[in-house]
Amino acid sequence: MLDIRMIRERADEVRAGLAKRQKGDEVAVFRIVELDGERRQKLVESEELKSRRNMESKAIGILMKEGRKEDAESKKEWVRETNQRISELEKEIGEVEMEIRDLMLRMPNIPHESVPVGRSAEENPEVRRYGHPKVFEFQPRNHIELCEKLGLIDFKRASKLSGSGFLLYMGYGARLERALISFLIDLHVNEHGYMEVSPPFLVNRECMEGVGQFPKFQDQVYITQEGVDESTLGSLCLVPTAEAPVANIHREEILNLSDLPKRYCAYTPCFRAEAGAAGLGTRGMIRVHQFDKVEMINVVHPDEGYGLLEDMVRCAERVLEILGLHYRTIVLCTGDMGFGSAKTYDIEVWAPGQNQYLEVSSCSNCEDFQSRRMNMRFKDAEGKNRFPHILNGSGTALARLFVALVETHQQVDGSIVIPEALRSYMRMDVIPAS
RNA sequence: GGAGAGAUGGCAGAGUGGUCGAAUGCAGCGGUUUGCUAAAUCGCCGUACGGGUAACCGUACCGAGGGUUCGAAUCCCUCUCUCUCCGCCA
């Protein structure tokens with residue numbers, strides 16, 4: 001959510017910033033400014049009435065004590081009438097405020113000035129590259145073939161259980177998934193200074209609104225129903241990312257300056273409806289309704305937001321480097337950025353069996369967009385309450401990492417060499433061919 | 001799921017219809033005193049929104065939302081959460 005005062009005082013700047021996303025978001029600014037003026041005018045009117053009413057009420061109390069009943073009665077009558085007018089005004093103010101709030105909640109963040117302007121994913125510049133696409137002396141298999149051959153994943157039975165877009169890891173496949181989760185958390189905790197947290201996998205609507213998922217993207221999440229009672233429908237949502245619970249840990253709190261930065265790292269499964277998404281229903285692990293992910297969340301002083309964004313991207317890149325995987329890092333252009341982000345880097349890992357790059361991490365600084373929605377603040381050096389920057393980054397998503405890993409480290413016989421760093425977790429060096 | 005207790009400022013804890021935005025204590029900030037530390041003493045010490053160049057002023061907030069009343073932290077209703085006990089359960 002943007003600052004209403006900024007919209008009021010620097011409407012042109014806000015409009016120009018939103019226009020860079022090239023989605024037409026800036027048109028709502030006019031309406032908000034107009035409604036905001038209406039709101040303040042009515043607010044002044046009602047507060048003046050309240051002020052006079054409060055004075056009269058006090059006077060009534062004094063008159064009653066003095067026994068001047070008839071004087072009190074006439075004042076009571078006046079207060080009654082005034083209250084009527086106040087409640088009419090308040091109703092109008094409430095309606096205006098609801099409309100403003102709804103518009104504000106649906107308005108995306110303004111891109112940071114360093115973000116390249118562009119319309120779509122084709123215009124995302126590459127900022128870094130590590131290694132090269134691996135050259136094979138044989139025709140590399142894709143992950144579906146490999147996983148079926150080695151019995152790592154049972155695609156067919158997964159869809160029997162849950163429909164398309166779900167995975168059933170078996171044997172060494174399940175072990176590899178679990179090993180990756182442990183490896184990632186240990187790396188971020190031991191070497192990158194994060195605190196491990198294990199959050200709920202179901203969160204309430206306030207959390208979803210806090211991170212910007214609601215109200216605009218409700219159709220992308222699974223909402224629960226408790227029992228068969230319709231009245232309890234939808235109080236909790238399956239997390240689409242650990243960001244949903246973890247970024248909200250300090251919602252409605254005022255943190256001390258010395259509490260910052262908060263650096264959290266969490267594993268959760270991620271549940272996504274993927275309604276209308278391209279690639280949905282295709283076989284494999286690239287786009288699924290449930291996948292595992294280790295997420296990094298930083299709550300930091302605004303002065304440190306962008307420095308920590310670079311740091312966080314490096315943390316995610318290290319994962320791939322340690323696992324011996326080729327990747328490229330891109331910065332998303334204004335037209336391709338997510339709703340709440342002011343600046344986003346994507347990391348794409350090379351999957352030789354697909355002959356394509358797969359997005360395994362997205363690292364964003366949402367600045368104070370989310371903290372404002374959550375009303376999460378900190379006391380700065382002057383003792384003033386301010387909104388911290390909140391950053392989130394995948395470190396990394398697992399299903400696609402799994403794909404890149406098996407496709408990159410496959411041998412001619414189909415066996416898969418386990419990267420050094422994973423061997424202690426796997427308690428093996430090679431996943432055998434059969 | 002059943003029964004009970006509770007929710008007040010950073011914390012502790014008063015306050016059961018009328019200058020209560022809220023006593024008091026602790027913590028915090030500033031001053032005085034003191035050889036240092038400590039103690040003592042005085043003052044300040046919530047948040048949000050709005051008005052004003054500003055000093056400042058107004059409004060709202062005692063878990064949330066309604067209601068009664070001229071007036072609610074205080075009375076009534078609903079909800080949420082926390083704690084204790086019982087039941088069920090991984």
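Below, chain A is the first sequence line, B the second, and so on; all start at residue 1.
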J.: Expressed as a whole number of Å, how far does the P atom of B:A27 sit from that of B:G17?
T.: 34 Å
J.: Strictly by Watson-Crick or wobble contacts shorter than 3.5 Å, is anything paired with B:U47, and which nucleotide is it?
T.: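 Its partner is B:A60.
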J.: For the pair made of CG in A:Leu49 and P in B:G50, what is the distance, rounded to whole Å?
T.: 19 Å
J.: Below 4.0 angstrom from OP1 or OP2 of B:U59, is there any side-chain N or O of A:Asn54?
T.: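 Answer is yes, contact under 4.0 Å.
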J.: Roughly how many Å apart are B:U84 and B:G18, using the P atom of each and rounding to a whole number?
T.: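 That atom pair is separated by 36 Å.
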J.: I need the CD-C1' distance between A:Glu252 and B:C61, as an integer number of Å.
T.: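 The distance from CD of A:Glu252 to C1' of B:C61 comes to 14 Å, rounded to the nearest Å.
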J.: Rounded to whole angstrom, note down the P distance from B:A14 over to B:G28.
T.: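 Straight-line distance between the two P atoms is 23 Å.
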J.: Could you check how far NZ of A:Lys42 sits from C1' of B:C49, rounded to whole Å?
T.: 17 Å
J.: Where each residue is assigned the nucleotide of RNA chain B containing its nearest heavy atom, which of A:Glu90 and A:Val79 is assigned the position nearer the 5′ end?
T.: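 This one resolves to A:Glu90.
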J.: Looking only at side-chain N and O atoms, does A:Arg377 come under 4.0 Å of OP1 or OP2 in B:A48?
T.: yes
J.: Give the rounded distance in Å between these two atoms: CZ of A:Arg205 and P of B:U80.
T.: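 A:Arg205 atom CZ is separated from B:U80 atom P by 16 Å.
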J.: So, are A:Lys384 and A:Asp380 salt-bridged, with charged N and O less than 4.0 Å apart?
T.: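 A:Asp380 and A:Lys384: not salt-bridged.
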J.: Sticking with atom P, work out how far B:A73 lies from B:G87, rounded to a whole angstrom.
T.: 42 Å
J.: Between A:Lys156 and A:Glu148, is the closest basic N to carboxylate O distance under 4.0 Å?
T.: no
J.: Name the pairing partner of B:U84, where a pair is Watson-Crick or G-U wobble with both distances under 3.5 Å, or state none.
T.: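 Base partner found: B:A3.
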J.: What does A:Lys75 touch in the nucleic acid at a heavy-atom separation under 4.0 angstrom: a base, only the sugar-phosphate, or nothing?
T.: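 Touches nothing.
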J.: Distance check, C1' atoms only: B:C75 and B:G71, in whole angstrom units.
T.: 13 Å
J.: So does A:Arg314 pair up with A:Glu321, basic N to acidic O under 4.0 Å?
T.: yes
J.: Both A:Glu47 and A:Glu97 contact RNA chain B. Which one's nearest nucleotide lies toward the 5' end?
T.: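 Looking at RNA chain B, the more 5' nearest nucleotide goes with A:Glu97.
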J.: A:Asp3 has an atom CG; how far is it from atom C1' of B:A48, in whole Å?
T.: 13 Å
J.: Nearest-Å distance, CG (A:Asn385) to P (B:G10)?
T.: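 After rounding, the reported distance stands at 10 Å.
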J.: Suppose we define a pair by two distances each less than 3.5 Å, Watson-Crick or G-U wobble; what does B:G65 pair with here?
T.: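 Base-paired to B:C77.
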J.: Rounding to an integer number of angstrom, what distance separates B:C85 and B:G58 when you compare their C1' atoms?
T.: 50 Å
J.: Could you tell me how the ring of A:His250 sits relative to the ring of A:Tyr264: parallel (under 30°), tilted (30 to 60°) or perpendicular (over 60°)?
T.: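 Taking A:Tyr264 first and then A:His250, their aromatic rings lie parallel (interplane angle under 30°).
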J.: Identify whether any heavy atom of A:Arg52 sits under 4.0 Å from a base atom; if not, whether one sits that close to sugar-phosphate; answer base, sugar-phosphate or nothing.
T.: nothing
J.: Could you let me know what B:U53 is paired to, Watson-Crick or G-U wobble, both distances under 3.5 Å, or none if it's on its own?
T.: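 Base-paired to nothing in any strand shown.
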J.: Any strand is fair game: report the nucleotide pairing with B:U32 by Watson-Crick or G-U wobble, both distances under 3.5 Å, or none.
T.: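 Because both required distances fall under 3.5 Å, B:U32 counts as paired with B:A40.
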J.: Between B:G15 and B:G9, how far apart are the two C1' atoms, rounded to whole Å?
T.: 14 Å
J.: For A:Ile254 and B:G46, give me the distance from atom CD1 to atom P, rounded to whole Å.
T.: 12 Å
J.: Does NZ or CZ of A:Arg15 lie under 6.0 Å from the centre of the six-membered ring of A:Phe30, at an angle within 45° of the ring axis?
T.: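 Yes; both conditions hold, so A:Arg15 lies above the ring face of A:Phe30.
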J.: Starting from C1' on B:U47, measure out to CD on A:Glu253 and report it in whole angstrom.
T.: 16 Å
J.: Taking the six-membered ring for Trp, are A:His143 and A:Phe402 ring centroids under 6.0 Å apart?
T.: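 No, too far apart.
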J.: Can you name the atoms? Protein N/O to nucleotides 51-55 of chain B N/O, anything below 3.5 Å, with the distance.
T.:
from, atom 1, to, atom 2, distance (Å)
B:G51, OP1, A:Arg40, NH1, 2.8

J.: Less than 4.0 angstrom between a side-chain N/O of A:Asn83 and OP1 or OP2 of B:G71, yes or no?
T.: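 Yes.
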J.: In whole Å, measure the gap between the C1' atoms of B:G46 and B:C11 for me.
T.: 13 Å
J.: Scan A:Ile60 against the nucleic acid and name what it touches under 4.0 Å (heavy atoms): base, sugar-phosphate only, or nothing.
T.: base
J.: Cation-pi check for A:Phe214 against A:Arg205: NZ or CZ below 6.0 Å from the six-membered ring centre and within 45 degrees of the axis, yes or no?
T.: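 A:Arg205 over A:Phe214 ring: no.
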J.: Hunt down the Watson-Crick or G-U wobble partner of B:C26, both distances under 3.5 Å, from any strand shown, or write none.
T.: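 Pairing partner, where one exists within any strand: B:G10.
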J.: Is a side-chain N or O of A:Arg21 found less than 3.5 angstrom from the main chain of A:Gly338, in a donor-acceptor match?
T.: yes
J.: Taking only the side-chain nitrogens and oxygens of A:Arg5, find out if one of them lies under 4.0 Å from OP1 or OP2 of B:C49.
T.: yes
J.: Would you check if there is a donor-acceptor pair between the side chains of A:Ser362 and A:Asp346 at a distance under 3.5 Å?
T.: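 Yes - a donor-acceptor pair under 3.5 Å links their side chains.
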